[in-house]
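See below for the structure under consideration.
Note that ligands are numbered from 1 as they come in the structure, with each ligand's atoms numbered from 1 the same way. Sequence positions, counted from 1, serve as the residue numbers for this chain.
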Amino acid sequence: MLSESYQNLLKQLAAHIPASRLITDPLRTLAYGTDASFYRLIPKVIVKVENETEVRAVLNACRELKIAVTFRAAGTSLSGQAISESVLVLLGIEGWRDYRISPDGSEITLGAGILGADANTYLAPYGKKLGPDPASINSAKIGGIVSNNACGMASGVDGNSMGTVTGMRIIFADGIVLDTRDEDSRKAFLDRRKEMVERIVTLARRLGSDKDAVARIKRKYQIKNTTGYSVNALIDFKDPIDIIQHLLIGSEGTLGFISQVTFRTLDTPTHSATGLMLFPDIAKACEAVWILKKCRVSAAELMDRTALRSVQDKRGMPSYIKDLVDEVTALLVETSAGDGATLQKQVDDIKARFDDFPMAHEFEFSTDPVQADALWDIRKGLFPSACISRPKGTTVIIEDIAVPIGDLKHCLLDLQDLFKQYAYEETIIWGHVFDGNVHFVLSLDFADPDQIKRYQTFMEDIVALVVDKYDGSLKAEHGTGRNMAPFVRQEWGESIYDVMREIKDIFDPEHLINPGVVINDDPQGHIKNLKPMPRAHDLVDVCIECGFCERNCMSHGLTLSARQRIVIYREMARLAASGQDPLRLERLKKDFEYYGDRTCAVDGLCATSCPVEIDTGELIKEQRQGQLTPTARYIADHVGQNMGVVTSMARVGLGLLDKTHDLLGTERMTALTSRMRTLSGDRLPLWMPAMPTAARLVVSRSVTRNQADKVVYFPACINRTMGPARGRKTGPLTGTTEALLEKAGYNIIYPQRMEKLCCGMPFASKGMAAITENKARELGEALLSASDGGTIPVLCDMSPCLYHMKQTLDSRLRLFEPIEFCLEFLVPRLTFNKLHETIVIHTVCSAKKMSLESDFKRLAEMCADKVVTVDITCCGFAGDRGFTVPELNAHGLRDIKSLLPPDVTAGFATSRTCEIGLSYHSGIDFQSILYLVDRCTR
Ligand SMILES: Cc1cc2nc3c(=O)[nH]c(=O)nc-3n(C[C@H](O)[C@H](O)[C@H](O)COP(=O)(O)OP(=O)(O)OC[C@H]3O[C@@H](n4cnc5c(N)ncnc54)[C@H](O)[C@@H]3O)c2cc1C
Ligand code: SF4
Ligand code: SF4
């Protein structure tokens, strides 16, 4: 039960924000409240905000009621700065997405909710990119990147937000808005917030007059530093508005809300070369950094021997790594230039400088992007490797320190000694050595008080080492958060810490914005509210809750993302194992049924961006299997055994529906069916005008030509049942495919007793393992026989079925879905005549997982003058869920209409069910690509 003040807050907010975006239930407050750090706070209220007016409403209400509030972008923060036990304000997925680029690409203005990687996609045509480059750039949003002053391998201390932000729109704790790019806004702010501005100017003056402090700040920011506030803003800038703007950078959401940011962009190098340099030990590697500093080097990444060992078996890693002695340390070095000749000069220069330098192995620089990518992927794989190999049930802690480069060698040796002393074995060290910045990870079991105690004393030793011995940064990139807040005073000393406290007081006098972060008087703050990581299921135990899966998870923003499903699953496992709070467990279980299970598309796209390749859909499928009732199992078995009858009945049903549609017309049919669905309590499936007509029965053909001309055609059961949408001139897909294959000179072999066959995927998605296996076995046998033991290629006309077949059927079978098949078997035999039209293509999830996106575009471009792709991850139709949980499909395709140019005439995909939803939500007729290929070939 919420306290009175939170209830009052909800009442006030209800006047400004729709109830659907004010969240208080136990499942979503836990799921949405979790970030990538190892801290856990559960918010009382979550507010999803879509515009500045809503942010101001929240800030005003919270101020009036004295309630704390925390902002959240993508929640990939590692130091505990994006969590709250009070009000958590989440950037919604609709707003915050506007951007504009200056004509020459030298500046970009971005909404706070835009992913860093998307910003770089917008800039790519200009040959430009953002300066900040955190490893999490694919998932982190602009609001979070700037608020954490996040950066990575190449940005250094000049390319981060501090060095590249040129303007900002800020909402302060009292709701006042400042646009630093707008003269009127600047003037109005100086006028309205006189006292605040005067205090900032006085503070800057006071600090500026302290020569020692100024020298220290300058020295400390020569390397990366995100501990405490960006006090360099007070000495690097004179104009109070410029000071304010730069203080917001790295302030971790504790000084105000950032709604828009303008960046100066950087050139993207056109030529680069990568080399793996191996040194006899860590000391020599650190000495090499000084030499590399004199060369044109854009990135230099250190990997110690333990790190190298953890990835030495990966593809792309030179085989000799395994045989190197224990002390060897690597630097992965990249040099970039605007043209090939300059690049070669740079490579020669690096090589010459290392002629006489002791190396553990010879090195070469490669300009081959495949080789370079393989090496960088290995470097990026260090962290996931550490996550995967950690004991189950433990939490991963990633540390992020920096010391002056001259001290790096000694600091790293000291670090290695500390690991030994604390028995943190197999702890890997890697990092951006040009910035004196290294990372290391620990895995701890927070359920064990001894391990917490050991971590606490280890941290004290780390602080002593980094601060007292080397005057370095306790957090170089990841932000102070809760993790380092108790040590900010120790790192910066009393007087500069006082300046930081005053900054907080000036911006947020009542300390209501993100309390406990950056400034925290509790010396134990870093070991409180630790997140439990109980063992829950082998499929997800290695999850680190980083959130990288969210950008690909189609239910993210509607119900739960993959990460959030795992968070709830873990909590349910913890409660079940401990026996604590059975009521809460029951409630979570009940709510998970819809939020976790029913709205998961089980498309597995989450695995494609997960550093440890977790497919949360597999977990959900397994859960569905466990929940099947005996009746459901019986029906599934019956359907599976009688596919022929079921597909015939479905054809009859579709035929009847089509006749009724014809009789009633679209409007009345829509009204009638939606009323019936409502009356059934949404148990009846949704009817849409894009509904298919009945397909025709497919009959087998005899084979007459020689083997080179044969193809086995397996029409998926969906295409054997569903014909084109009403009113289309084309016939069922099976007929078109037959005609196309014959046109290309192929004889078609149909598998025996085809009407009974199904790949089993529809059963798999419902967790029906036994019938899935049976169907796969039957189909495998039929295809092996039809394809002469796998010698004749097999075409399946649905990508999802083919993907499932590739995973389940005999590896001798040569299986092709439409895109691959056309490119390999039809393109060489047919003449393509491009249509003078603009078409849109959508690569369905299974084709994405088979990396067919660019192949699809290539094929479509042979068929039409202009091909548009839409930036949609998964359409959310998910087999039959488009009919039974239509909000999933509507969510997946919520942007499609706005993404389509007005001249698009037709859409193409490779999955019949996805095409229904795509047609319905886009208003464009989507069909199989096979129709298009047939239409434009001779
Ligand atoms: C595997 C992994 C690797 C990482 N690698 C790097 C790396 O290489 N370099 C690096 O620097 N970081 C790294 N990080 C940390 C993190 O991803 C970055 O700091 C990232 O920029 C955070 O962005 P976010 O959108 O997730 O922000 P969030 O975590 O949501 O928020 C970050 C902070 O900003 C505040 N905030 C968010 N939006 C706003 C807003 N609109 N206005 C005001 N305050 C706001 C929040 O309150 C919070 O304090 C990594 C994280 C993970 C999980
Ligand atoms: S499933 Fe993977 S990507 Fe998603 S939170 Fe877990 S580890 Fe990160
Ligand atoms: S299977 Fe799809 S919907 Fe389910 S968690 Fe993964 S990405 Fe999200």
Side-chain angles (χ1 to χ4, degrees), residues 34-37 55 70-84 88-91 96 112-113 115-116 132-137 139-153 155 160 170-171 224 226 248 251-261 383-384 387 396 398 400 432 439 476-479 481 513-514 517-518 540 542-550 552-556 559-567 596 599-621 845 873-874 876 878 888 892:
T34 298
D35 74 355
S37 73
V55 174
T70 295
F71 308 122
R72 159 77 70 82
T76 65
S77 282
L78 292 162
S79 310
Q81 61 266 59
I83 53 173
S84 164
L88 185 70
V89 173
L90 293 185
L91 292 184
W96 320 109
L115 296 181
D133 59 346
S136 53
I137 194 158
S139 302
K141 294 181 176 173
I142 293 303
I145 292 175
V146 175
S147 299
N148 278 354
N149 195 15
C151 51
M153 293 196 277
S155 63
N160 59 14
I170 307 161
I171 306 178
K224 287 182 181 175
T226 57
L248 258 287
S251 66
E252 302 174 31
T254 61
L255 301 182
F257 179 86
I258 300 170
S259 75
Q260 236 185 35
V261 186
F383 179 52
C387 298
V396 179
I398 175 170
D400 162 45
H432 325 311
H439 302 292
E477 301 177 335
H478 297 168
I513 311 186
N514 216 1
V517 169
V518 182
V540 296
V542 291
C543 171
I544 49 168
E545 300 185 2
C546 62
F548 287 9
C549 47
E550 298 197 331
N552 277 336
C553 178
M554 61 89 31
S555 56
H556 178 46
T559 50
L560 297 184
S561 69
R563 160 166 71 174
Q564 292 160 350
R565 288 190 167 91
I566 295 172
V567 168
T599 50
C600 175
V602 296
D603 54 333
L605 278 188
C606 37
T608 59
S609 56
C610 170
V612 288
E613 294 174 15
I614 293 172
D615 177 350
T616 309
E618 287 300 320
L619 176 78
I620 300 301
K621 276 190 228 170
C845 305
T873 48
C874 163
L888 195 60

Which of the numbered atoms in ligand 3 are under 4.0 angstrom from any heavy atom belonging to [X]?
X: Gly617; result: 1 (S)
X: Cys553; result: 3 (S), 5 (S), 7 (S), 8 (Fe)
X: Cys606; result: 1 (S), 5 (S), 6 (Fe), 7 (S)
X: Asp603; result: 1 (S), 2 (Fe), 3 (S), 7 (S)

* To do: Determine whether any heavy atom of Asp35 lies closer than 4.0 Å to an atom of ligand 1.
  =>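 In this structure, Asp35 fails to qualify as a contact of ligand 1 - no heavy atom is under 4.0 Å.
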
Can you tell me the protein heavy atom closest to [atom] and the distance?
atom: atom 8 (Fe) of ligand 2; answer: Cys546 SG, 2.4 Å
atom: atom 3 (S) of ligand 3; answer: Ala601 N, 3.3 Å
atom: atom 5 (S) of ligand 3; answer: Arg565 NH1, 3.3 Å
atom: atom 7 (S) of ligand 2; answer: Ile544 N, 3.4 Å
atom: atom 1 (S) of ligand 2; answer: Ile566 CD1, 3.6 Å
atom: atom 3 (C) of ligand 1; answer: Phe548 CZ, 4.0 Å
atom: atom 2 (Fe) of ligand 2; answer: Cys610 SG, 2.3 Å

*Going by the order shown, which atoms of ligand 2 are within less than 4.0 Å of some heavy atom of Pro611?*
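Answer for ligand 2: 3 (S).
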
Quiz item: What orientation do His432 and His439 show, parallel under 30°, tilted 30 to 60°, or perpendicular over 60°?
Solution: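 Ring orientation of His432 relative to His439: perpendicular.
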
Which option, [options], owns the non-hydrogen atom nearest [atom]?
atom: atom 6 (C) of ligand 1; options: Glu550, Met153, His478; result: His478
atom: atom 4 (Fe) of ligand 3; options: Ala607, Gly892, Cys600, Ala878; result: Cys600
atom: atom 39 (C) of ligand 1; options: Ala476, Ala82, Gly479, Gly143; result: Gly143
atom: atom 32 (C) of ligand 1; options: Pro611, Ala135, Ser77; result: Ser77

- Message: Test of understanding: given a 4.0 Å heavy-atom threshold, classify the contact between Val602 and ligand 3 as side chain, backbone, both, or neither.
- Response: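 The answer is the backbone of Val602.
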
Notebook entry, point to check: By number and element, which atoms of ligand 1 are closer than 4.0 Å to a non-hydrogen atom of Ala74?
Noted result: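 What qualifies from ligand 1 is 24 (P), 25 (O), 26 (O), 27 (O), 30 (O).
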
**Prompt:** Is Asn149 close to ligand 1, meaning an N/O of one under 3.5 Å from an N/O of the other?
**Reply:**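 N/O-N/O distance under 3.5 Å: no.
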
Heavy atom of Gly547, distance to ligand 2 below 4.0 Å
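Yes; Gly547 lies near enough to ligand 2 that a heavy-atom distance drops under 4.0 Å.
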
For ligand 2, is Cys387 a contact, meaning one of its heavy atoms is under 4.0 Å away?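 Judged by the 4.0 Å heavy-atom criterion, Cys387 does not count as contacting ligand 2.
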
Between Val612 and ligand 2, which part of the residue brings a heavy atom under 4.0 Å of the ligand: side chain, backbone, both or neither?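 It is the side chain that gets close, since no backbone atom is under 4.0 Å.
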
Q. Of all the atoms in Cys543, is at least one N, O or S atom closer to atom 2 (Fe) of ligand 2 than 2.8 Å?
A.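 So Cys543 does not count as coordinating atom 2 (Fe) of ligand 2.
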
**Message:** Restricting to non-hydrogen atoms, name the atom on Gly80 and the atom on Val517 that form the minimum distance, rounded to 0.1 Å.
**Reply:**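 Taking every non-hydrogen atom into account, O-CG2, 3.9 Å.
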
